[in-house]
Amino acid sequence: MAQDHGKARITASVYTSHVPAIGVAIDQHKTTEPYWQPLFKGYEYSKQWMKENKPDVIFLVYNDHATAFSLDLIPTFAIGTAAEFTPADEGYGARPVPKVIGHPELASHIAHSVIQDEFDLTIVNKMDVDHGLTVPLSLMCGEVEEWPCPVIPFAVNVVQYPVPSGHRCFMLGQAIRRAIESFDKPLNVQIWGTGGMSHQLQGARAGLINREWDNQFLDQLIENPEELSKVPHINYVREAGSEGIELVMWLIARGAMSDVSGGEKPHLAHRFYHVPASNTAVGHLILENK
Ligand code: DHB
Ligand code: FE
């Protein structure tokens with residue numbers, strides 16, 4: 001279908017883990033140390049790709065880790081509509097990264113469209129952002145004076161049960177695509193799905209990694225996301241650990257790609273998998289809309 005050049009469009013989706021220790025390694029300039037070097041090597045392509053494919057806006061799906069929200073208030077899906085978002089102090093001091101500039105106009109439009117499209121979002125006009133959002137930005141952009149473009153934070157509750165299903169996330173991604181593509185400005189938008197892959201941070205199975213399951217998840221996410229979206233939450237927890245449930249957020253970004261709504265299959269620009277980073281298996285994909 002011919003693109004309406006007056007409207008916003010989704011050019012690509014990016015998927016990546018968000019391990020906080022990765023942020024520390026970048027900030028303390030340890031990326032070339034033997035432990036970290038193989039991980040950061042997997043993002044060399046991505047940083048170059050970001051420079052060559054700089055979007056106008058990033059719609060960044062992530063999870064808050066009891067930083068902006070607490071047990072007092074647990075929104076399932078929260079869209080950041082503010083003009084800016086401050087990187088949070090998570091207890092070790094705030095990361096020395098630029099503040100995040102929002103896009104209130106596009107974020108408000110998406111909120112309106114998606115809510116009318118039957119997904120009830122929480123609108124957040126003031127919110128600090130933690131490693132869930134800043135580590136993916138650092139991995140893709142490196143150390144910068146300012147982030148390359150405005151970012152719309154979209155926080156998903158995958159920390160406190162009940163969490164949203166993969167299928168709900170996949171359908172929400174489709175609604176987000178409709179919202180973005182009905183925005184009356186010719187913006188190139190990337191949608192990022194972050195978190196995962198397999199990890200469990202506490203309990204008897206702490207340290208769990210499941211390479212086979214992770215790689216099947218990557219295969220399915222690329223080839224057959226509709227089928228993948230039907231996997232129930234309990235399978236994520238059983239196979240990928242209690243924090244492996246973060247992976248449902250990747251289905252939001254995947255649901256926003258053109259092929260899900262009758263367009264062409266995306267181009268797989270990059271795929272990377274590495275174990276371990278801290279307690280987590282790191283997965284990373286870049287898919288481009290044709
Ligand atoms: C780790 C991973 C996470 O996703 C997180 O939120 C915190 C810690 C880890 O691997 O240490
Ligand atoms: Fe996490």
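Positions are given from 1 along the sequence. Counting convention: from 1, in listed order, for ligands and their atoms alike. Computed from a predicted structure; not experimentally measured.
- Contact annotation: E243 has no heavy atom less than 4.0 Å from any atom of ligand 1.
- By the 30° and 60° cut-offs, the orientation of the rings of H18 relative to H65 is perpendicular.
- Relative ring orientation between H274 and F272 is described as parallel, the plane-to-plane angle staying below 30° on a 0-90° scale split at 30° and 60°.
- Across N63, D64, T280, heavy-atom proximity to atom 2 (C) of ligand 1 is greatest for T280.
- Between Y43 and H284, the ring-plane angle classifies as parallel under the 30° and 60° cut-offs.
- Annotation: Y161 is in aromatic contact with H233 [ring centroid separation under 6.0 Å].
- In terms of protein heavy-atom proximity, atom 11 (O) of ligand 1 is nearest to S278 OG, 2.7 Å.
- Here the rule is side-chain contact (heavy atoms from CB on, under 4.5 Å) with F183, and of V189, L106, V57, I110 only L106 fits it.
- Ordered by chain and number, H18 NE2, H65 NE2, E246 OE2 make up the set of protein N, O or S atoms under 2.8 Å of the Fe ion (ligand 2).
- Close approach to V19 involves these atoms of ligand 1, each under 4.0 Å from a residue heavy atom: 9 (C), 10 (O).
- Remark: aromatic rings of F59 and F154 are close, center separation under 6.0 Å.
- Contact annotation for H199 and ligand 1: only side-chain heavy atoms (C-beta onward) come within less than 4.0 Å of the ligand.
- Between W250 and Y15, the ring-plane angle classifies as tilted under the 30° and 60° cut-offs.
- Electrostatic pairing of K230 and E227 counts as a salt bridge here, judged by a charged N lying under 4.0 Å from a carboxylate O.
- Nearest to atom 1 (C) of ligand 1 by heavy-atom distance, out of P20, S17, P276, is P20.
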